[in-house]
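Below you'll find the structure, written out as structure tokens, and then a few comments.
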Number of protein chains: 2
Amino acid sequence: MGVDCHHTESAQPGLEGAALASAVAAAQSKCERTRERLTPPRRRVLELLLEADGPMKAYDLIAAYGQDGEPAKPPTVYRALEFLERLGFAHRIESLNAYVPCRMEGTSHRAAFLICECCGTAEEFEPDFSPQFAAAEAAGYAVRTVTLEARGLCPACKVEA
Amino acid sequence: MGVDCHHTESAQPGLEGAALASAVAAAQSKCERTRERLTPPRRRVLELLLEADGPMKAYDLIAAYGQDGEPAKPPTVYRALEFLERLGFAHRIESLNAYVPCRMEGTSHRAAFLICECCGTAEEFEPDFSPQFAAAEAAGYAVRTVTLEARGLCPACKVEA
DNA sequence: AGCCAATGCGTTATGAAATAACATAACCTG
DNA sequence: CAGGTTATGTTATTTCATAACGCATTGGCT
């Protein structure tokens with residue numbers, strides 16, 4: 001990453017097996033409750049995000065899309081990502097041009113990340129945006145979504161540095 | 001913008017004449033104090049940002065660069081933007097792929113924006129990141145920079161909607 | 001002054017990220 | 001089962017950003 005360190009990219013586990021299946025099933029049933037459709041491309045992209053050890057770039061998803069090594073076409077993945085974001089199953093990390101599955105409950109259009117500039121992991125945390133909401137309201141804005149991205153070093157990389 | 005409204009792009013004044021000259025001069029002297037060099041391309045890009053009525057895309061800057069209509073080469077502008085961001089004279093708005101001059105004092109690597117999805121303006125406000133810093137520290141992170149982008153409707157567009 | 005390391009610039013080319021546009025297919029729902 | 005709506009497949013293109021290289025300028029140092 002931006003800074004000068006070099007680790008075996010680590011942290012952020014990445015689901016597999018039963019845990020993965022259960023996470024996908026949860027998304028599935030959540031969709032059913034709102035009459036949304038978790039179609040094959042959407043499900044596939046969600047799987048890839050959940051399996052990953054860290055943020056995935058769109059073109060990583062495109063390359064990894066086919067179980068047989070066949071890449072997807074870009075619109076396939078971008079449309080799936082749009083859906084997953086809309087439903088709150090994934091977030092885009094703007095400063096990385098990358099995507100992560102949502103680790104928090106709920107569909108609130110708010111997200112906050114701690115991004116390690118060394119190992120590249122992005123940890124989602126529960127955002128408390130009260131001061132910023134207060135500022136926005138004071139300015140007369142009607143806020144719809146908020147994202148916050150904090151960059152620095154995660155505990156592991158901080159030690160090594 | 002994203003939402004379905006259509007205004008004569010407004011708000012955010014954009015400096016000209018004496019105000020512009022004075023803002024550039026302020027940057028100039030700030031550079032001198034830290035032995036940084038506000039070279040012609042850097043100064044030119046800063047001017048363009050200050051003159052603009054809203055966030056500028058990189059390729060807008062490239063197109064507008066030459067006083068004679070000659071565009072710049074992309075690296076010229078991207079390098080200038082990198083410098084201006086480093087010195088705190090400009091911010092990149094990640095969710096817009098666009099740039100604005102810094103409206104706040106100081107070089108703190110923190111920025112917060114209220115972005116109107118209707119008219120496209122981006123208002124910088126003084127961020128109070130205390131709850132997020134607390135969360136980051138609790139998680140053991142060493143935060144270096146923070147940016148926040150809130151999207152919604154500005155007072156003017158809220159009324160019309 | 002003359003040297004030299006560091007920094008910045010000009011230029012060409014390419015890479016990475018995202019979307020436009022249009023045709024086809026699957027799905028509800030009445 | 002007809003017809004609107006939603007989703008997908010496909011081709012092409014646009015938009016955004018950086019790599020790599022050589023030259024110019026700067027600012028310290030002897």
Side-chain angles (χ1 to χ4, degrees), chain A residues 1-2 27-28 31-49 52 55-68 70-87 89-100 120 149, chain B residues 1-2 27-28 31-49 52 55-68 70-87 89-100 120 149:
Chain A
M1 294 280 323
Q28 176 74 267
C31 283
E32 280 162 6
R33 258 175 277 130
T34 53
R35 286 211 187 75
E36 297 278 355
R37 298 160 58 199
L38 190 62
T39 60
R42 293 168 177 177
R43 166 191 296 265
R44 178 59 182 148
V45 170
L46 177 58
E47 272 177 19
L48 288 170
L49 290 175
M56 291 277 279
K57 301 272 211 168
Y59 275 72
D60 294 340
L61 293 165
I62 286 168
Y65 184 87
Q67 289 85 344
D68 50 359
E70 276 303 291
K73 305 286 172 61
T76 301
V77 164
Y78 280 103
R79 290 196 276 229
L81 287 170
E82 186 187 0
F83 171 86
L84 295 172
E85 282 195 81
R86 182 164 56 83
L87 279 274
F89 295 140
H91 298 292
R92 174 180 164 79
I93 300 186
E94 299 285 354
S95 62
L96 297 177
N97 289 355
Y99 302 83
V100 291
E149 302 181 12
Chain B
M1 293 277 326
Q28 176 75 268
C31 283
E32 279 161 7
R33 260 177 274 130
T34 53
R35 287 213 185 75
E36 297 278 357
R37 297 160 58 200
L38 190 63
T39 60
R42 293 168 177 176
R43 165 190 298 263
R44 178 61 180 148
V45 171
L46 177 58
E47 274 177 17
L48 288 170
L49 290 175
M56 291 277 279
K57 303 271 211 168
Y59 275 71
D60 294 341
L61 294 165
I62 286 168
Y65 185 86
Q67 289 87 342
D68 49 359
E70 275 304 290
K73 304 289 172 59
T76 301
V77 164
Y78 280 105
R79 290 196 277 230
L81 287 170
E82 187 188 0
F83 170 85
L84 295 171
E85 282 196 82
R86 183 164 55 81
L87 278 276
F89 294 140
H91 298 292
R92 174 181 165 80
I93 300 185
E94 299 285 353
S95 61
L96 297 177
N97 289 355
Y99 302 84
V100 291
E149 300 179 12

Requested in this report: Identify, with sequence neighbours excluded, every residue that meets side-chain contact (heavy atoms from CB on, under 4.5 Å) alongside A:Pro71.
Outcome: A:Ile62
Query raised in the report: In Å, rounded to the nearest 0.5 Å, how long is the span from CG of A:Leu81 to CG of A:Leu48?
Result: 10.0 Å
Query raised in the report: Atom CZ of B:Arg43 and atom C1' of C:dG8: how far apart are they, to the nearest Å?
Result: 16 Å
Query raised in the report: Within a reach of under 6.0 Å around CD of A:Glu82, are more than 12 heavy atoms found that belong to other residues, nucleotides or ligands?
Result: no
Query raised in the report: Where do A:Pro55 and A:Val100 come nearest, in terms of heavy atoms and distance?
Result: CA-CG1, 3.6 Å
Query raised in the report: CZ of B:Arg42 versus P of D:dT25: gap in Å, rounded?
Result: 16 Å
Would you give me the side-chain donor-acceptor pairs under 3.5 Å for residues 37-46 of chain B, sequence neighbours excluded?
from    : atom 1 : to      : atom 2 : distance (Å)
B:Arg42 : NH1    : B:Arg37 : O      : 2.7
B:Arg44 : NE     : B:Tyr65 : O      : 2.7
B:Arg44 : NH1    : B:Glu47 : OE1    : 3.0
B:Arg44 : NH2    : B:Ala64 : O      : 3.2
B:Arg44 : NH2    : B:Tyr65 : O      : 3.2

Report task. Identify the two heavy atoms, one from B:Cys31 and one from B:Phe89, that lie closest to each other, and give their separation to 0.1 Å. Result -> SG-CE1, 3.7 Å
Requested in this report: Mind calculating the distance between CD (A:Glu36) and P (C:dC27) to the nearest angstrom?
Outcome: 15 Å
Query raised in the report: Looking at A:Thr76, does any N or O in its side chain come under 4.0 Å of the phosphate oxygens OP1/OP2 on D:dT10?
Result: no
Query raised in the report: Can you check whether A:Glu94's main-chain N or O pairs, donor with acceptor, with A:Glu149's side chain at less than 3.5 Å?
Result: yes
Extract from the structure each pairing of a protein N or O with an N or O of nucleotides 18-24 of chain C at less than 3.5 Å, listing the distance.
from   : atom 1 : to      : atom 2 : distance (Å)
C:dA18 : OP1    : A:Arg92 : NH1    : 2.5
C:dA18 : OP1    : A:Arg92 : NH2    : 2.8
C:dA18 : OP2    : A:Tyr78 : OH     : 3.0
C:dA18 : O5'    : A:Tyr78 : OH     : 3.4
C:dA18 : N7     : A:Tyr59 : OH     : 2.9
C:dA18 : N6     : A:Tyr59 : OH     : 3.4

Query raised in the report: What's the CG-C1' distance between B:Asp60 and D:dC16, to the nearest Å?
Result: 12 Å
Pairs: protein N or O with nucleotides 26-29 of chain D N or O, under 3.5 Å:
none

Requested in this report: Verify the contact: side-chain N or O of B:Lys73 to OP1 or OP2 of C:dT11, cut-off strictly under 4.0 Å; return yes or no.
Outcome: yes
**Report entry** Donor-acceptor contact below 3.5 Å, side chain B:Glu36 vs main chain B:Leu87
**Finding:** no
Requested in this report: Using five pairs at either end of the helix from C:dA1-D:dT30 to C:dG30-D:dC1, determine the angle between the two local helix axes and round it to 10 degrees.
Outcome: 40°
Query raised in the report: Between C:dA16 atom C1' and A:Met56 atom CE, what is the distance in whole Å?
Result: 16 Å
Query raised in the report: Roughly how many Å is it from CD in B:Glu85 to C1' in D:dA17, rounded to a whole number?
Result: 13 Å
Query - Whole-Å distance separating the CG atom of A:Leu61 from the P atom of C:dA17 - result: 11 Å
**Report entry** Length of the line joining A:Ile93:CD1 and C:dA17:C1', which is rounded to integer Å
**Finding:** 16 Å
Report task. Compare side-chain N and O positions of A:Thr39 against OP1 and OP2 of C:dA26 and report whether any pair is under 4.0 Å apart. Result -> no
Report task. With sequence neighbours left out, write down each residue that passes side-chain contact (heavy atoms from CB on, under 4.5 Å) with B:Glu85, or none if nothing qualifies. Result -> B:Arg92, B:Tyr99
Report summary line: All heavy atoms of A:Ala90 vs all of A:Leu49, minimum pair found to be CB-CD1, 3.8 Å
